[in-house]
Amino acid sequence: MKTVPYIVQKEFRQIFRHRVMLPLIFLMPVIQLLVLAFAADYEVDNVKLHIVDLDHSQAARQLVGQFEASEHFILTGTSASGKVAMNQVQQGDADLYLELPPDFQRQLLREGNSQLQMAVDAINGVKAGLSSAYANAIIRDFNAAFRQNYGGGIAQPVALQIETANWFNPEQNYQTFMVPGILVILVTLVGMFLAGMNIVKEKEIGTIEQINVSPIRKHEFIIGKLLPFWIIALVELAIGLVVGKLVFHIPFVGSLWLIFGFAGLYLLVVLGFGLLISTVTETQQQAMFIAWFFLIIFILMSGLFTPIESMPPWAQDITRVNPVAYFVDVMRLVLLKGSDVWDIRQHIVVMGGYALAVNGLAVLNYRKVG
Amino acid sequence: MCLCVQKTRAKHLCEYVFERKQDYKIFKINPMGMNKKLAIFIRKEFYHILRDRRTLLILLGMPAVLVLLFGFAISNEIKNADIGLLDYAQNDQSQRLTQRLSASEYFTLALPLRSTQEIEEAFRTGSIKMAVVLPPEFGEETARGLPGSLQLIADGTDPNTATTLSNYASAIIGDFLREQAPLQQPPMAIQAEVRMLYNAGLKSVFMFVPGVMTVILMLVSAMMTSIAITREKEVGTMEVLLASPLPPALIVIGKVIPYILLALVNTAVILLLGTEVFGVPIRGNYALLWAECLLFVLTALSLGILISTRTDSQQVAMLFSLMVLMLPTIMLSGFIFPIESMPFPLQMVSNIIPAKWFIIILKDVMLKGGGMELVWQETLILLGMTVFFIALSVRSFNIRLA
C-alpha cells in the first residue's frame with residue numbers, strides 16, 4: 001500500500017498540469033450551479049397576453065384591468081379581430097388570447113352568464129395548463145366581485161374552508177428545491193467522466209503498458225487512480241454547498257456530516273462505474289459516449305426535473321436501480337427536511353450494496369496483464 | 001482471452017498504420033483531382049466511425065432511447081401520489097371523503113396517521129407527499145349550514161408538485177361537497193371556453209421531440225467532431241494528414257462530412273419515432289424542415305471545429321463541449337424550462353445559444369405549420385452564427401503543430 005500515495009501524487013500532477021483543467025474542474029461547476037439554478041425554474045410568469053375586445057363595455061374593461069394587474073400576465077397587444085390574435089400566437093408574440101364577444105356585458109346582466117373565448121399556445125403543455133389555470137382564477141375573482149357590485153347582495157353559498165400549508169418550503173422557492181439536485185449532477189459529472197477517461201487515456205496513449213510492467217499491484221493502481229477524483233468531487237461538493245448557502249440561502253436543516261458521508265459512498269458507486277466503463281473501452285471517445293449515454297438516462301430518471309411519481313410503474317422500477325435518484329432524494333431529505341441516519345437507512349443500505357457490486361465487477365473486469 | 005485482445009489490438013494498430021500509408025501513397029504518386037482525393041479521405045473517415053461499433057451503436061441507439069423515455073416516462077402530470085390521512089372525525093362523512101380521495105387516479109392512500117407528529121415523520125422519510133387533516137367535527141358544521149374547515153399540508157420542498165396536489169385535492173373535495181348539498185349554478189358568471197392550440201391533448205412529447213432532436217444534433221455534430229479532430233492531434237496523426245497534398249480546409253471538410261450524414265440519419269430516426277409512435281404532427285413543409293436541420297448541423301459543426309482549433313487534448317475538448325455546449329443546450333434553450341421565466345440576464349444569454357433559435361424554428365415548422373415567412377429571422381441568426389464561427393476557426397487554424 002506504500003505505493004498508493006505516489007500514484008495519487010502523480011495523478012494530481014497530471015490532472016493539474018493542463019492549465020485549462022483547474023478552472024474547468026473548480027470554476028465551471030460554480031458557474032453551472034449559478035446558471036442552472038436560475039434557469040431551472042418551472043414557475044410560469046410573464047405569460048404574453050393578447051386581448052380582442054369587441055364589446056368595449058365597462059365590464060370588459062374591468063376584466064381586462066384585472067388581467068393587467070396580475071403578476072402572471074403581460075399585456076402585449078390588443079386587436080379587433082380573432083384572426084390578428086391568432087397570427088400573434090403563431091408568431092410567438094402572444095401565448096394566450098382572450099376574445100370578448102360584442103354583447104359581453106349585456107349577456108352578463110340580462111342572461112346571468114356570458115361566454116368568452118380563451119385560446120392558449122399549448123406546445124408546452126405544462127405552461128399552457130398553468131396559464132389557463134391562472135386565467136380561470138382571475139375570471140373567478142371577477143365573477144365574485146361583479147356579483148357583489150351588481151347582483152344586489154346574492155348570498156354566497158355555504159362553503160368549506162380549505163386551508164393549505166406548504167411545509168419545509170413555505171415561500172415555495174423553486175431554487176431551494178433544485179439546488180441540492182443540481183449539486184448531485186455536478187459531482188456525478190466529475191466522478192464518472194474524468195475517472196473513466198483517465199484510465200482509458202493511459203490505454204490510448206500506451207502508457208498503461210509501462211504501469212503494467214512496474215511492480216505496482218492491481219488494487220494499488222485502482223485506488224491510486226480513483227482516490228484523486230474522489231477527493232476532487234468531495235471538494236467540489238463543498239464548494240457547491242457554500243455557494244448554495246451564500247447565494248440561494250438553502251436551509252441546511254440536517255447534518256452536513258451525513259451529506260458528506262453519503263456523498264463519499266455515492267462517489268464510490270460513480271467512480272466504480274467510471275472504472276467499469278474504462279475496462280470495456282479502448283478510446284476516450286468511446287468511454288465518453290458510454291458514460292454520457294448512461295448519465296443522461298440516470299439524470300432523466302432521477303426525479304431531478306420531473307417527479308418520479310408521475311412516471312408509469314415500469315419507469316418507477318427503473319428509478320429503483322438508479323444511484324443518481326437515491327442521492328438526489330437524500331440531498332433533499334437531509335438538507336431541506338432534516339432527515340437523520342435512521343430516516344435514510346434504506347438509501348444507505350442500497351448504495352452500499354451498489355458500491356460493492358459495481359466495484360467488484362470493475363475489479364474483476366480489469367486485468368493488469370493484457 | 002487476454003492474449004486474444006492484445007492480438008486484435010495489435011492488428012488494429014497495424015491496419016491503422018497501413019491505411020495511413022496507403023492514403024499517403026495515393027496522394028503522393030497519383031496526381032488525382034481534388035474531388036477524388038477528398039472522396040478517398042471521406043471513405044477513410046467512414047471506416048474509422050464504422051470500425052468503432054460501440055460508439056456507433058450508442059450514436060444510433062441514443063436518439064431512439066431518448067425519444068422513447070421522454071415520450072413514455074418523463075412527464076409532469078402527477079398520478080398516484082402517496083398521501084397520508086389524519087382523520088380526527090372518524091364519521092360517515094370523513095370515511096366517504098377518504099374513499100373519494102383514494103379512488104381518484106391522482107392519489108394513493110399510503111398510510112393512516114394518528115398525530116401531527118407522525119405527519120412530520122412521514123415527510124422526513126419521504127413516504128408521503130401530502131397530508132389531509134380532517135377536524136373532529138368534520139361534516140357536521142356543513143350539514144348544519146355553517147362553514148367548516150379542513151387542512152391540506154403539502155411537502156413544499158417541490159413547490160410545483162405541492163401546488164398541483166393541493167389544487168387536485170381541493171377540486172375533489174369541492175366536488176364531494178357539491179354532491180352532498182347540491183346548489184344551483186351561481187348567477188352572473190363568465191364561462192371561459194378554453195381552446196388549446198397546436199397541442200390539444202397537452203402532451204409533453206410535443207415539446208420534447210424538438211428538444212431531443214436539438215440535443216442529439218449538437219452531440220453528434222459538435223461534440224463528436226471536436227473530439228475526432230483533437231484525437232488526430234493528440235495521437236499525432238494530424239501531422240501526417242497535414243503533410244499530405246490535401247489542403248487543410250479539405251482535411252477538415254473530409255473529417256466532418258461523415259458526421260453530417262450520421263446527424264441526418266439521427267434526425268430521420270427521431271422524426272419517424274415522434275410521428276409514428278407518439279403522433280407528433282409535421283404541419284409545415286418537409287423540405288423546409290430538412291433544410292433547417294441541415295443548417296443547424298452546420299452551425300454545430302462549426303462550433304465543434306472551433307473548439308478543436310483551440311485545444312489539442314481530447315479531455316479538454318470533451319469537458320469544454322460538455323460544459324459550454326451541451327448543458328446550455330439542455331438548460332437555456334427552452335427545451336425543458338421556459339425562457340420567459342428566467343431572470344433577465346439569463347434571457348439575454350439564451351440569445352447567443354444556437355439551440356434556442358433552432359427549437360423555435362422546429363416548433364414553428366412542425367407544430368404551428370409555419371413557412372419561411374415565420375422563421376426567416378431565426379434562420380438568418382443561425383446562418384450568421386455559422387459564418388461567424390467558421391471565420392473564427394479559420395483565423396485560429398494553425399497548419400503547423402507544436
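Proteins get letters first, then strands, A, B, ... in listed order; numbering begins at 1 in each. A quick note: this is a predicted structure, and the numbers were derived from the prediction, not measured.
Per-residue counts of heavy-atom pairs under 4.5 Å with chain A were compared for B/M207, B/R124, B/M224, B/M130; the largest is that of B/R124. Interface summary for chain B: among A/R332, A/M301, A/Q346, the most heavy-atom pairs under 4.5 angstrom belong to A/M301. Note: B/D155 leads B/L367, B/N80, B/D155, B/V65 in heavy-atom pairs under 4.5 Å with chain A. For the set B/F70, B/F206, B/F123, the count of heavy-atom pairs under 4.5 angstrom toward chain A peaks at B/F123. The most heavy-atom pairs under 4.5 Å with chain B, out of A/I74, A/V89, A/I205, come from A/V89. In terms of heavy-atom pairs under 4.5 angstrom with chain B, the leader among A/I290, A/T176, A/V334 is A/I290. In terms of heavy-atom pairs under 4.5 Å with chain B, the best-connected choice from A/T283, A/V120, A/V47 is A/V120.
Heavy atoms closer than 4.5 Å to chain A are found in the side chain of B/L66, but not in its backbone. With a threshold of 4.5 angstrom between heavy atoms, A/Q107 does not approach chain B through any atom at all. With a 4.5 Å cut-off on non-hydrogen atoms, A/Y97 touches chain B through its side chain but not through its backbone. For A/V280, the parts lying near chain B are the backbone and the side chain together; criterion is any non-hydrogen pair under 4.5 Å. Proximity to chain B is absent for every atom of A/I344, based on heavy atoms less than 4.5 angstrom apart. Contact annotation for B/L59: only side-chain heavy atoms (C-beta onward) come within less than 4.5 Å of a heavy atom of chain A.
Each of A/I318, A/I297, A/I296 was compared with B/L69 under the side chain to side chain contact (heavy atoms under 4.5 Å, CB included) criterion, and only A/I297 meets it.
Heavy-atom neighbours of A/W342 CH2 from other residues, nucleotides or ligands within 6.0 Å: at or below the threshold of 12. More than 12 heavy atoms of other shown residues, nucleotides or ligands fall within 6.0 angstrom of atom CZ in B/F335.
The CD atom of B/E234 sits 5.5 Å away from atom NZ of A/K201, with the distance rounded to the nearest 0.5 Å. To the nearest 0.5 Å, atoms CZ (A/F293) and CG (B/L219) are separated by 11.5 Å. Note that the CD atom of A/Q286 and the CG atom of B/L56 stand 11.0 Å from one another [nearest 0.5 Å]. For the atom pair CH2 (A/W292) and CE (B/M223), the distance works out to 6.0 Å, reported to the nearest 0.5 Å. A distance of 7.5 Å separates CD1 of B/I330 from CD1 of A/I299, quoted to the nearest 0.5 Å.
Residues A/K337 and B/E120 are not in side-chain contact: their nearest non-hydrogen atoms beyond the backbone lie 4.5 Å or more apart. Inter-residue side-chain proximity for B/V349 and A/V35 is flagged as unmet; no heavy-atom pair is nearer than 4.5 Å. In this structure, the side chains of B/L374 and A/Q90 come closer than 4.5 Å at one or more pairs of heavy atoms.
With sequence neighbours excluded, the residues that form a side-chain hydrogen bond (donor to acceptor under 3.5 Å, both in side chains) with A/Q105 are A/S57. In terms of the salt bridge (Lys or Arg N to Asp or Glu O under 4.0 Å) criterion, residue partners of B/K368 (sequence neighbours excluded) are, by chain and number, A/D121, B/D364.
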